[in-house]
Every structure is written in C-alpha cells, then in structure tokens.
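See below for the structure under consideration.
Values reported hereafter were calculated over all heavy atoms of this structure, with side chains retained and with hydrogens, waters and symmetry mates removed. Ligands are counted one by one from 1 in listed order, and the atoms in each one are counted from 1 as well.
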Amino acid sequence: MATLVTRCPTGSSSLRQRSEYIAAILELSTLVVRRQQRLLHYTSWLYRLSADGRHFARACATVHGFTANVVQRRRQELNHVGHQEWLKGRQGRSMDFIDLLLLTKDENGNTLSDEDISAEADTFMFEGHDTTASGLAWLLYNLAHHPHYQEQCRQEVRELLKGKDVEEIEWEDLSLLPFTTMCIKESLRLHPPVTAVSRRCTEDIAMHDGRIIPKGVICMMSIYGTHHNPEIWPEPQVYNPMRFSPENSQGRSPLAFIPFSAGPR
Ligand code: HEM
C-alpha cells in the first residue's frame, strides 16, 4: 500500500483521498465476509438492491477511482518526460509494480491499457496488504512467546549488519539469515494468513479410499488443516522453527507447507 500512497499528489486533498481509500478497503473486506454469511445476498441483483450492496458499490468506486488516478498521473508523467528520462529518474532505486506494468510491452509492442494496469494494481493491493500484515503480526507474536528464538534471530541480524554503513537488509542478504527464515516459515505454518484456497477439478480425482471427486467440481483445500496435520507435523500446535532445518525438511513433500498455495490456477 505504501507505494501508491507515497506517490499520490501531496497536500491535504491527497491525505483525505488516502484515508478514504483505506476506509473503503476496510469496508470492502467486512462486506465480502458478511455477504458470504447471508444467503439472500448470494443473488447479485438482490445484493445490489440491499444496503450492503450499495455500500459495496460505493466502496468499489472509491478504490477503483483512487487507483485509476494514480495510474493516469504516472502515465502522464511518463509521456511528459519520455522513456529514457523516466528510467534515468528511477536509477538507484527499484521500480515499483506500476512502473513495470507501464513499461511492459508484448512481442508486438503493445502496452497495457490504464484499465489493465489499474485492475492489476487493485488485485495486488488487496491481496498483498492483509496477508503481509497478518503474517508479520503472527511472526512477532510467536517470537515474543519464544524469546530464545527471538534472541537467535537478533544475533543473526546483528551479525549480518556488522560493518555495514546502512542498516538495511537487501534481497541478497536473506540467504544469510537461515534461522530467521526458519522462524518465518514456522510462523506461516502455524498461522497461515490465507487459511484455504479453492480449485476446480480439471479431471476426475481418485481419493485414497477409492471415492472419486468428479471433474468440474470446485473443492476447498484447507491450508490450515494441511499445516496442522499431525501425520506430517507432529505436535502441530507447537512453534518449533527447527522443523524447517535442512535435515528436518528432507523427504517432506513440498505440498506439506503451502502458505502461498501451489499448482496452476
Ligand atoms: C505473507 C504474505 C502472503 C501470503 C501468505 C499470500 C498468500 C496467497 C495465497 C494463498 C493466494 C491464493 C493462491 C491460490 O488461489 O492458489 C494468494 C494469491 C495472490 N497473492 Fe498473495 N500472499 C501474500 C502476499 C502477497 C503480496 C505482498 C502480494 C502483492 C503485493 C500478493 C499478491 C497476490 C495476488 C495478485 C494473488 C492472486 C493470484 C491469482 O491471480 O491467482 N500476495 N496469495
């Protein structure tokens, strides 16, 4: 969320827009869950007529308007300064996702439209903020409950930063934080931010007991259940980062740990 927020126009109107955007995201999250719990709201035209449906439409318009505005401004800036200057201006700092999409071309030189980019931005903003916030919050919670692991992580980070001018961790540094990585993975196992995903079977699926899930059926797969299966994870409720040490990970199916899900969709 930070990227879009910091790049929006400065001044009080942008601050107001920003908090409207955040309020709308929160409202949409509540409304989506509430709709699932109300049978009558399953039918789209009935939902549209309901108070919740009207609030939903308004909040969607706020979110879409905000993103469209950011993309349009960025496009104008790009057109104004030209590709070369634009890239030069971004040297020394990484481009964000909107920059990448603006510059993307297919093999025939076609670029993405503003609508395409807005739709992608809306998706990753929505998918990205709550999962990350919840993953981080649970990690901090688990480390707070296990100060000895917390101390090991701290030592690892101190060791990494020793002798560095800037206290920043780069992408390449992550491989130098093996224990911290194990702690993060164990937290994502114990408290996966996304608890289930759905898939439509593209063929008949035979289960161990001989029953068949027919092609075309949509199944819910429990990430939480997989991560707490005692046959794969003994004492599943215990926070134990050592489960992810190289020795203990050997022979375990990659599908035993699926916080980001797996397979085609
Ligand atoms: C701890 C952090 C995160 C977790 C645990 C997580 C987990 C997931 C899961 C389980 C799915 C569903 C995939 C499926 O149906 O198989 C998903 C989808 C997605 N996530 Fe994340 N995610 C995280 C962070 C992010 C971030 C930071 C972004 C982008 C900024 C992001 C963007 C997306 C998008 C765009 C999809 C939809 C992909 C599709 O079209 O199917 N996620 N994520």
Side-chain angles (χ1 to χ4, degrees), residues 1-8 18 21-22 24-26 28-29 32-33 36 60 63-64 66-68 70-71 74 93-104 112-144 153 169-171 174-175 177 180-203 205 213 216-229 232-233 236 239 241 243-244 253-265:
M1 188 172 289
T3 309
L4 282 187
V5 164
T6 49
R7 296 287 194 83
C8 74
R18 198 160 82 178
Y21 177 86
I22 293 169
I25 289 279
L26 292 176
L28 286 173
S29 308
V32 165
V33 174
Q36 286 168 3
C60 271
V63 167
H64 291 158
F66 182 91
T67 323
V70 173
V71 174
R74 203 75 77 80
R93 67 175 176 82
S94 51
M95 287 201 287
D96 67 22
F97 194 56
I98 294 189
D99 291 331
L100 283 177
L101 292 177
L102 275 170
L103 296 172
T104 298
L112 290 165
S113 69
D114 283 5
E115 290 73 32
D116 293 334
I117 298 175
S118 296
E120 292 297 332
D122 285 333
T123 311
F124 71 71
M125 297 277 279
F126 210 88
E127 295 276 354
H129 81 276
D130 189 57
T131 44
T132 318
S134 139
L136 283 171
W138 280 113
L139 172 66
L140 296 176
Y141 172 89
N142 286 316
L143 290 179
C153 292
I169 296 178
E170 306 285 340
W171 178 257
L174 293 182
S175 62
L177 298 171
T180 308
T181 304
M182 282 156 55
C183 288
I184 295 171
K185 284 187 173 172
E186 175 62 348
S187 193
L188 287 171
R189 179 198 68 80
L190 193 56
H191 301 112
V194 178
T195 51
V197 285
S198 63
R199 289 289 186 280
R200 187 192 296 273
C201 298
T202 52
E203 53 188 77
I205 307 282
I213 305 177
V217 165
I218 295 177
C219 297
M220 286 298 287
M221 261 125 351
S222 173
I223 296 178
Y224 187 91
T226 309
H227 287 185
H228 289 76
N229 180 350
I232 311 170
W233 305 103
Y239 181 77
R243 297 178 200 271
F244 288 95
S253 162
L255 297 179
F257 176 63
I258 44 168
F260 302 97
S261 148
R265 55 183 176 273

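Using a 4.5 Å heavy-atom cutoff, the side chains of Thr181 and Leu174 are not in contact.
Looking only at protein heavy atoms, the nearest one to atom 12 (C) of ligand 1 is Val197 CG1, 3.7 Å. Of the protein's non-hydrogen atoms, the one nearest atom 8 (C) of ligand 1 is Val194 CG2, 4.0 Å. Considering only non-hydrogen protein atoms, atom 41 (O) of ligand 1 sits nearest to Arg265 NE, 2.5 Å. Atom 28 (C) of ligand 1 has Gly128 CA, 3.5 Å as its closest protein atom, hydrogens excluded (heavy atom only). In terms of protein heavy-atom proximity, atom 24 (C) of ligand 1 is nearest to Thr131 OG1, 3.3 Å. For atom 19 (C) of ligand 1, the nearest protein heavy atom (residue, atom name, distance) is Glu127 OE1, 3.3 Å.
Ring-centre distance between Trp233 and Phe244: below the 6.0 Å cut-off.
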| Checking side-chain contact (heavy atoms from CB on, under 4.5 Å) for the pair Cys183/Asn142: CA distance, chi angles, key distance, verdict? | CA-CA 9 Å; Cys183 288; Asn142 286 316; over 6 Å; no
| query | Passes side-chain contact (heavy atoms from CB on, under 4.5 Å), Ser29 versus Asp130? Steps please. | reply | CA-CA 10 Å; Ser29 308; Asp130 189 57; over 6 Å; no
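Within ligand 1, counting atoms from 1 as listed, the ones closer than 4.0 Å to a heavy atom of Pro259 are 5 (C), 7 (C), 10 (C). Of all the atoms in ligand 1, the ones that sit under 4.0 Å from a non-hydrogen atom of Pro193 are 5 (C).
Of the heavy atoms in Arg199, only side-chain atoms (C-beta onward) come closer than 4.0 Å to ligand 1.
Between Phe257 and His227, the two ring planes are parallel [angle under 30°; tilted spans 30° to 60°]. Aromatic ring orientation, Tyr224 versus His228: parallel (interplanar angle below 30°, classes split at 30° and 60°). Taking the six-membered ring where the residue is Trp, Phe66 and Tyr21 present tilted rings, their angle falling between 30° and 60°.
Donor-acceptor pairing under 3.5 Å is lacking for the side chains of Thr226 and Asn229.
Of the listed options Trp138, Phe124, Phe97, Phe260, Phe260 places a heavy atom closest to atom 6 (C) of ligand 1.
Considering backbone and side-chain atoms together, Thr123 places no N or O closer than 3.5 Å to any N or O of ligand 1. Residue-to-ligand polar distances place Ser261 within reach of ligand 1: an N/O pair is separated by less than 3.5 Å.
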